[in-house]
Amino acid sequence: MAGRFAPRPTRTTVRGGHVAVGAGVPRQAAGPGRVRDWAPDGPLDLGLVLGPLRRGPGDPTFRAMPDGSVWRATRTPAGPGTLRVCAYGGGVRGEAWGPGAEWLLERLPELLGAADDPSAFVPRHRLLAMTRHRRPGLRLTRSGLVLESLIPSILEQKVTTDEAYRAWRLLVRKYGEPAPGPAPGRMYVMPAPRTWALIPSWEWHRAGVDNKRASTILRAVRVAARLEEAVRMEPVAARARLEVVPGVGPWTSAETVQRSHGAADEVTVGDLHLPGIVGWALAGDRDADDAVMLELLEPYAGQRHRAARLILLSGRVPGRRAPKMPRWDIGQF
């Protein structure tokens with residue numbers, strides 16, 4: 001039997017540099033996509049709703065175009081898919097390509113905040129009332145996908161956003177696959193769980209990802225199916241399941257379910273800047289910690305994440321008192 005069949009790629013051959021995972025995958029021909037029109041029941045701002053899914057200006061899975069349309073490349077349970085969303089008149093049109101096209105269009109309303117209820121938020125501070133008035137199109141997205149929000153959230157642990165965005169961009173472009181359909185150039189679908197598991201250690205290093213974060217991602221993708229099941233759970237139960245994975249704590253789980261579940265009450269704790277921003281906006285306290293932040297947000301129980309989003313959108317942040325956190329590229333060591 002020797003020589004009759006090409007050897008299957010294994011962890012050993014990948015570590016040896018023999019197999020380039022995700023390389024050489026041709027971009028699909030641009031054919032007609034599936035289309036769905038949907039009319040929201042209120043104001044809708046595509047940039048505000050879908051913005052949290054974007055990981056930096058160079059995110060290869062997300063593109064905002066000058067015509068106001070938003071492109072999104074993702075890996076659905078049915079396979080890779082590309083979605084283009086544009087607003088016209090009082091409606092929204094979604095067009096999708098690839099094996100995951102039908103899945104994406106079926107969940108288009110939830111992605112655009114149909115499951116969210118902005119009227120449940122009652123502002124108790126003038127700043128929040130003014131910001132909500134100025135941003136009536138804010139709704140909380142529900143992607144219905146856990147891993148695509150979990151992995152970049154892990155990359156953002158304990159580093160600057162620039163470092164995390166760079167790592168995500170490099171890894172997705174190298175190990176992902178071209179987005180199906182007529183997507184704008186250099187758009188990619190994030191790697192499959194198996195592909196994440198086969199990324200060599202030196203490639204994590206070159207992308208500036210330390211061993212702790214890389215190991216957390218590897219542990220997560222090994223139980224990817226179980227983690228994706230969390231999308232059918234309530235946010236609190238979903239966070240508990242995510243935090244079973246060593247290296248995934250309250251900060252990471254909150255950042256994930258805010259996007260995957262559209263969780264209006266899951267506020268991020270353990271963040272370097274958010275407590276000070278919330279404290280400054282609501283009480284003039286730039287030195288607020290997590291406990292003070294949660295106390296200030298208590299009147300918004302059930303809508304604490306929305307309150308934090310509105311505070312961030314208000315632009316009311318304390319002035320900088322120290323230089324920015326230095327950037328360290330471990331790939332140069």
Side-chain angles (χ1 to χ4, degrees), residues 51-53 55 116 120-125 127-128 131 138 140-143 146-161 163-165 168 210 212-213 216-217 219-220 227 230-231 233-318 320-322 324-325:
L53 301 178
R55 304 292 181 157
D116 183 36
F121 180 77
V122 179
R124 301 176 183 274
H125 192 283
L127 177 70
L128 295 178
T131 306
L138 173 64
L140 302 182
T141 184
R142 177 185 172 93
S143 70
V146 173
L147 214 62
E148 76 160 18
S149 294
L150 177 61
I151 291 177
S153 295
I154 294 172
L155 291 175
E156 292 174 8
Q157 293 176 349
K158 306 293 185 180
V159 297
T160 64
T161 53
E163 292 174 271
Y165 292 160
W168 172 252
D210 57 71
K212 182 177 180 180
R213 288 179 291 152
T216 301
I217 292 174
R219 286 190 289 265
L227 296 183
V231 80
M233 301 177 178
E234 291 298 316
V236 174
R239 290 187 63 181
R241 174 167 291 195
L242 293 178
E243 291 175 22
V244 169
V245 178
V248 176
W251 185 92
T252 307
S253 66
E255 289 287 311
T256 301
V257 300
Q258 287 167 6
R259 296 166 172 83
S260 62
H261 291 66
D265 193 48
E266 300 304 318
V267 63
T268 303
V269 296
D271 192 84
L272 180 62
H273 304 290
L274 186 60
I277 294 174
V278 173
W280 177 256
L282 299 184
D285 181 6
R286 65 183 302 157
D287 298 315
D289 57 12
D290 282 332
V292 174
M293 176 182 70
L294 294 176
E295 183 179 351
L296 291 172
L297 293 176
E298 182 59 31
Y300 304 102
Q303 296 285 317
R304 293 179 299 173
H305 171 51
R306 190 191 309 278
R309 282 285 313 272
L310 288 171
I311 290 172
L312 292 172
L313 289 172
S314 72
R316 184 180 174 86
V317 297
R320 190 180 301 277
R321 291 189 300 187
K324 290 183 177 181
M325 179 185 294

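- Under the side chain to side chain donor-acceptor pair (under 3.5 Å) criterion, D116 pairs with R306, not counting sequence neighbours.
- Here the closest heavy-atom approach between residue A307 and residue F121 is recorded as CB-CE1, 3.8 Å.
- Here S253 pairs with R239, E243 under the side chain to side chain donor-acceptor pair (under 3.5 Å) rule; sequence neighbours left out.
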Check against side chain to side chain contact (heavy atoms under 4.5 Å, CB included), V278 and V292: CA-CA 9 Å; V278 173; V292 174; over 6 Å; no
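- Taking the salt bridge (charged side-chain N to carboxylate O under 4.0 Å, His left out) definition, one finds that D290 meets it with nothing, sequence neighbours left out.
- Looking at residues two or more places apart in sequence or on another chain, you find a salt bridge (charged side-chain N to carboxylate O under 4.0 Å, His left out) between R241 and E229.
- In this view, P52 and R259, R309 satisfy the side chain to side chain contact (heavy atoms under 4.5 Å, CB included) rule, not counting sequence neighbours.
- Under the rule for a salt bridge (charged side-chain N to carboxylate O under 4.0 Å, His left out), E295 has no partner lying at least two apart in sequence or in another chain.
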Derivation of the side chain to side chain contact (heavy atoms under 4.5 Å, CB included) call for D210 and K212: CA-CA 6 Å; D210 57 71; K212 182 177 180 180; 3.3 Å; yes
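- Between the CZ atom in R55 and the OG1 atom in T161 there is a gap of 11.0 Å [rounded to 0.5 Å].
- Side chain of Q258 to main chain of E266: a donor-acceptor pair is present (N/O by atom type, distance under 3.5 Å, no hydrogens or angles).
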Could you go step by step and tell me if V248 and T256 meet the side chain to side chain contact (heavy atoms under 4.5 Å, CB included) rule? CA-CA 10 Å; V248 176; T256 301; over 6 Å; no
Evaluation steps, side chain to side chain contact (heavy atoms under 4.5 Å, CB included), between L155 and I217: CA-CA 8 Å; L155 291 175; I217 292 174; 3.7 Å; yes
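- Here R219 pairs with T216 under the side chain to side chain donor-acceptor pair (under 3.5 Å) rule; sequence neighbours left out.
- Annotation: side chain to side chain contact (heavy atoms under 4.5 Å, CB included) contacts of A120 (sequence neighbours excluded): D117, Q303.
- A heavy-atom distance below 4.5 Å is not found between the side chains of W168 and E156.
- Across all their heavy atoms, H261 and V231 have their closest contact at NE2-CA, 3.5 Å.
- Residue A288 comes nearest to P275 through the heavy atom pair O-CB, 3.3 Å, listed as atom of the first residue, atom of the second, then distance.
- Listed by first then second residue, pairs satisfying salt bridge (Lys or Arg N to Asp or Glu O under 4.0 Å) with a partner in residues 245-254 number zero, not counting sequence neighbours.
- With sequence neighbours excluded, no residue satisfies salt bridge (charged side-chain N to carboxylate O under 4.0 Å, His left out) with D271.
- In this structure L127 satisfies the side chain to side chain contact (heavy atoms under 4.5 Å, CB included) test together with H125, T131, A281, S314, R316, sequence neighbours excluded.
- Y300 approaches R124 most closely through the heavy-atom pair OH-N, 3.0 Å.
- Closest approach of G279 and L296 over heavy atoms only: CA-CD1, 3.7 Å.
- Annotation for P235 and V257: closest pair O-CG1, 4.3 Å, computed over non-hydrogen atoms.
- Side-chain contact check for H273 versus V317: every heavy-atom pair is 4.5 Å or farther apart.
- Between atom CG of residue L138 and atom CG of residue L140 there is a gap of 6.0 Å, rounded to the nearest 0.5 Å.
- Shown here are the side chain to side chain contact (heavy atoms under 4.5 Å, CB included) partners of L147, two or more places apart in sequence or in another chain: L150, I151, M190, P193, V221, A224, L227, E228.
- The distance from the CD1 atom of I277 to the CD1 atom of I311 is 9.0 Å, given to the nearest 0.5 Å.
- Only one option out of S153, S260, P152 pairs with E255 in a side chain to side chain contact (heavy atoms under 4.5 Å, CB included); it is S153.
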